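What follows is a short report on a single structure.
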There are 2 protein chains.
Amino acid sequence: MSSLIQIGELSERAGVSHRTIHYYERLGLVQPAEREGAGYRYYDETALKRLEKIAALKRLGLNLDEIAAVLPLYFADATGIKGKEKVVEILKVQLAKAETQLHELTAFKRDLEGNIARMEELIAQAQRG
Amino acid sequence: MSSLIQIGELSERAGVSHRTIHYYERLGLVQPAEREGAGYRYYDETALKRLEKIAALKRLGLNLDEIAAVLPLYFADATGIKGKEKVVEILKVQLAKAETQLHELTAFKRDLEGNIARMEELIAQAQRG
DNA sequence: ATGTAACCTGACGTTAGCTTTAGATTGTGG
DNA sequence: CCACAATCTAAAGCTAACGTCAGGTTACAT
């Protein structure tokens, strides 16, 4: 059962507004599986998965253009992708960024843990004294 | 030698525009060590360090409000911070976000590496065949 | 003392990523 | 069959994080 859903359900399940979905559609990030005569959009499950992937990539700091560049890799057959050299370049840039970010994030996490420990110690001292 | 620098040198060394520094100043993120009669801003080394920290935190996806909340922890004496419980809460939220992001980022990196390998293999095949 | 480079402020412009508004159309439970 | 919820489009509005513009002041080298 390919059971298509409308934009209302999709937006609710994906946790984004229907206007956001329209916006993403214009940017080529998601497309309805079909549109009947009246213009209503009907989506399948992959639409939901795309929206979830978009959200995840956004959390990593990619903007919608960058997401548009890497998203097809998650849903398209790799052999069918045109301009593979270009895509590889983009991916390598993203990889370098990801690696930098991993280091910074690890350092940031350590800082946070250290600061939390310090603060909690100070709070405990204040309560004792 | 506390050798103060002007906004031009600071902006160049930090890699941000002087208008950005003005903007950050209005948000309370950086302050000049002193301003003489004419209004010129003179900065010390900590200003540069603050700008670098701001840039690093931005790369992790924090917005300027969030940065304003955690930045003092890097430069202020912890004992002097008011509302420690509140600060700890903020830090813990940041920590949880950082951990989530670490996982997602690690997964994303794996995906990238896999995709790069696949694409390069396809490119190599196309060149051979 | 003058040119010119660095600085100042305030106001307006810009881009991304949406949200809101407004009015029209469509689908459906009672 | 009709009220009403869901959907549609286009256009305008909004926030963050700056950049640009315009006009004016300051510092310093020649």
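Being a predicted model, the structure only gives us computed values, none of them experimental.
The separation between A:Ile21 atom CD1 and C:dT19 atom C1' is 14 Å, rounded to whole Å. If you measure from atom CD of B:Glu25 to atom C1' of C:dC8, you get 11 Å, rounded to the nearest angstrom. Straight-line distance from the NE2 atom of A:His22 to the P atom of D:dA6: 14 Å, rounded to whole Å. Summarising the geometry, the separation between CD on B:Glu34 and P on C:dC7 is reported as 15 Å, rounded to the nearest angstrom. Nucleotide C:dT25 holds its P atom 20 Å from the CD1 atom of A:Ile7, rounded to whole Å.
In this structure, the side chains of B:Glu66 and B:Leu57 stay at 4.5 Å or more apart for every pair of heavy atoms. You'll find the side chain of B:Asp111 reaches within 4.5 Å of the side chain of A:Lys53, heavy atoms only.
Under 4.0 angstrom from either OP1 or OP2 of C:dC7 there lies no side-chain N or O belonging to B:Arg41. The phosphate of D:dA6 has neither OP1 nor OP2 within less than 4.0 Å of any side-chain N or O from A:Gln6. Put simply, A:Arg26 has no side-chain N or O that comes within less than 4.0 Å of OP1 or OP2 on D:dT9.
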Review point. Reading nucleotides 16-30 of chain D 5' to 3', which nucleotides get B (base under 4.0 Å from a protein heavy atom), which S (sugar-phosphate only), which -?
Key: -BBSB-----BS---

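A salt bridge is defined here as a Lys NZ or Arg NE, NH1 or NH2 lying under 4.0 Å from an Asp or Glu carboxylate O, and B:Lys49 with B:Glu45 fails to meet this definition.
Within 6.0 Å of CD in B:Glu121 there are more than 12 heavy atoms belonging to other residues, nucleotides or ligands. Within 6.0 Å of atom CD in B:Glu104, more than 12 heavy atoms from other residues, nucleotides or ligands are found, so the atom counts as buried in its surroundings.
Here B:Ile54 contributes atom CD1 and B:Leu71 contributes atom CG; the two are 5.0 Å apart, rounded to the nearest 0.5 Å.
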